[in-house]
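Have a look at the structure below before the remarks.
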Amino acid sequence: MSVLRKEMFHIPSGMIYLDGNSLGVLPKAAAATAAKTIEQDWGDHLIKAWNTAGWMDLPRKVGNRIAGLIGAPVGSIATGDTLSIKVYQALDAALKMRPKRRVILSDNGNFPSDLYMAQGLIETLDKGYSLKTPAPEDVMDAITDDISVVMLTQVDYRTGRMHDMKAITEKAHAAGAVMIWDLAHSAGAVPVDMTATNAEFAVGCTYKYLNGGPGAPAFIYARPDIVTGINPALAGWLGHDAPFAMEQSYRPAMSTERLRVGTPSIVQLSILDAALDAWNGVDMHDLRAASIQLSETFIAEVASRCPDLTLASPRDPHQRGSQVSFGFEHGYAAMQALIERGVIGDFRAPNIMRFGFTPLYLDQADVITAAEIMEQVMKNELWRDPKYSIKSQVT
Ligand SMILES: *Cc1c(COP(=O)(O)O)cnc(C)c1O
C-alpha cells in the first residue's frame, strides 16, 4: 500500500528534498500546533498548562507513539534531551550491568558524537574502561567475552550500510555483553522490532526521519525487564518517582521515566506529536518497500548518467538503510551546485555526497528529476565554479 502523503508536508516549490535523513521536512500541522502551544497554552494558561494542557503527560504520550514505530511496548520509551545525552545515559547504565568487564565495543563508522560520549564517560568513570572501534564489517568477530557493552548505530550515517541487529545482539548476549542500538537513521526509515531484537537499550533522535524539527527531543528505550535495575547517570528530578514530593534524595521512578532528566521542551514536543500524525496507518514494511524502490531507481539513474560518481553505499538494498551515498573528489562543490538547482542532499567529509529517501514525501518522479539535474552538474562540470568551493559551517 502506498505510504506517500506529500500533502501533509510543506515542500518548497521547485525543491527535491533528499536530506530527510538529516533534518526532516516541516509537517503542515506543525505551525498551527506550535502556535496553539505558545499562544493558548503558554500565553493564556501559563503554569496551569502543565496540568490543563497535558504538558506533564506529553513526553510519555510521544514516547508511546515512537514505541509503535520501533516495535517497542507501551511505556518502554522516555523522551527528552538530545541523542548525545541519551547515548551517555544508555552507556552508563549498560556498563553498570557488567561491573567486572572493561571494554566497550563500537565501530569506526559510528557517528562521532556517540564515540565522543563514550570517551567522555570513560574519563569520568576513571575505572580503566577502553573503547574498541574496529571496522563495521569486523564487529561480529570482535565480540569476545571481555566486552561489557556493544554500542552500535544500525545504519551508518555516511554510507547507509546497515548492521544486522538480530545477529549482532544474539552474539553480544552469547558473549555476556549488553547491547545498545542507536536508531538515529532507523526510526522512521527501516522496520525495527525492539522486542524481537531483545537488546537492552536503544536510543534515537526525532528530527531526521520523524520530522520533529531542529532540536526535537531524543528518545531512549530500555527493555522492560531491566528498567528497575537501572541506576541512572544524570539523575534529574523528572526521573524521580515523585518529582513534586521534593525529596532530598533521588529515588528513581519505577518505569522508563527514570531515564528522564529535567523539564521537557514542550513546544518541540508538541510539534513532534503533530509530526507523528503522518505515521498513522503507515506499515513500516510498506515504507521499506517504497524506500528500496526509490533508492534503487536513484542508483540506476545516477549510474547511467554520472559515471564519475562511485557508489559508496552497499549495492544490495537489504544491506542499506534509507540513504544512498556517492564518493566524488569534488563532492562538496558538486553538492553546492546541486543545492543551487533545488536538489538538496548533503556532504560528509572527506568526499561523500549523501542522499536520503523518505517515502512519505518523495516519489519516483522526484528521484528521476534529481538524477537528471545531477547529470547536468556532472556532465557540464558546473561544480567547477569557484563559488561552490566556499565551505559553510554546516555541510
Ligand atoms: C544525528 C546523530 C546524532 C546527533 O546527536 P544529537 O545529540 O541529537 O545532536 C548522534 N548519533 C547519531 C548516530 C546520529 O546519526
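Values below: every heavy atom of this structure, side chains too, minus hydrogens, waters and symmetry copies. Atoms within a ligand are numbered from 1 in the order they appear, just like the ligands themselves.
- Here's the thing with S84: one of its N/O atoms is less than 3.5 angstrom from an N/O atom of ligand 1.
- Salt-bridge formation is detected for the pair D366/K6: a Lys NZ or Arg NE/NH1/NH2 atom is positioned less than 4.0 Å from an Asp or Glu carboxylate oxygen.
- Across the listed options Y88, Y116, Y207, F111, F111 owns the non-hydrogen atom lying nearest to atom 12 (C) of ligand 1.
- Inclusion of T153 in the set of residues having an N or O under 3.5 Å from an N or O of ligand 1 is not warranted.
- Ring geometry for Y209 versus H185: interplanar angle over 60°, hence perpendicular rather than tilted (30 to 60°).
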Open item on the list: Could you go through Y207 and Q268, starting from their C-alpha distance and side-chain angles, then the distance that decides it, and tell me whether this counts as side-chain hydrogen bond (donor to acceptor under 3.5 Å, both in side chains)?
Closed with: CA-CA 10 Å; Y207 49 82; Q268 286 275 195; over 6 Å; no
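- The ligand atoms of ligand 1 that sit less than 4.0 angstrom from a heavy atom of K208 are 1 (C), 2 (C), 3 (C), 14 (C), 15 (O).
- Judged by distance alone, with hydrogens and angles left aside, the side-chain atoms of T206 form a donor-acceptor pair with the main-chain N or O of P217 at under 3.5 Å.
- At least one N or O atom of D114 sits closer than 3.5 Å to an N or O atom of ligand 1.
- The H185 neighbourhood of ligand 1 comprises atoms 15 (O), with distances under 4.0 Å to a heavy atom of that residue.
- Residue A184 has at least one heavy-atom neighbour below 4.0 Å for each of these atoms of ligand 1: 12 (C), 13 (C), 14 (C), 15 (O).
- Between S113 and ligand 1, no pair of N/O atoms sits closer than 3.5 Å.
- The aromatic rings of H330 and W383 sit parallel to each other, their planes meeting at less than 30°, with 60° as the upper class boundary.
- A salt bridge links K36 with D41: at least one charged nitrogen is closer than 4.0 Å to a carboxylate oxygen.
- No more than 12 heavy atoms of other residues, nucleotides or ligands shown are found within 6.0 angstrom of CD1 on I47.
- Residue-level proximity to ligand 1 for L83 is carried by backbone and side chain together, each with a heavy atom below 4.0 angstrom.
- Near D182, meaning under 4.0 Å from one of its heavy atoms, ligand 1 places the atoms 11 (N), 12 (C), 13 (C).
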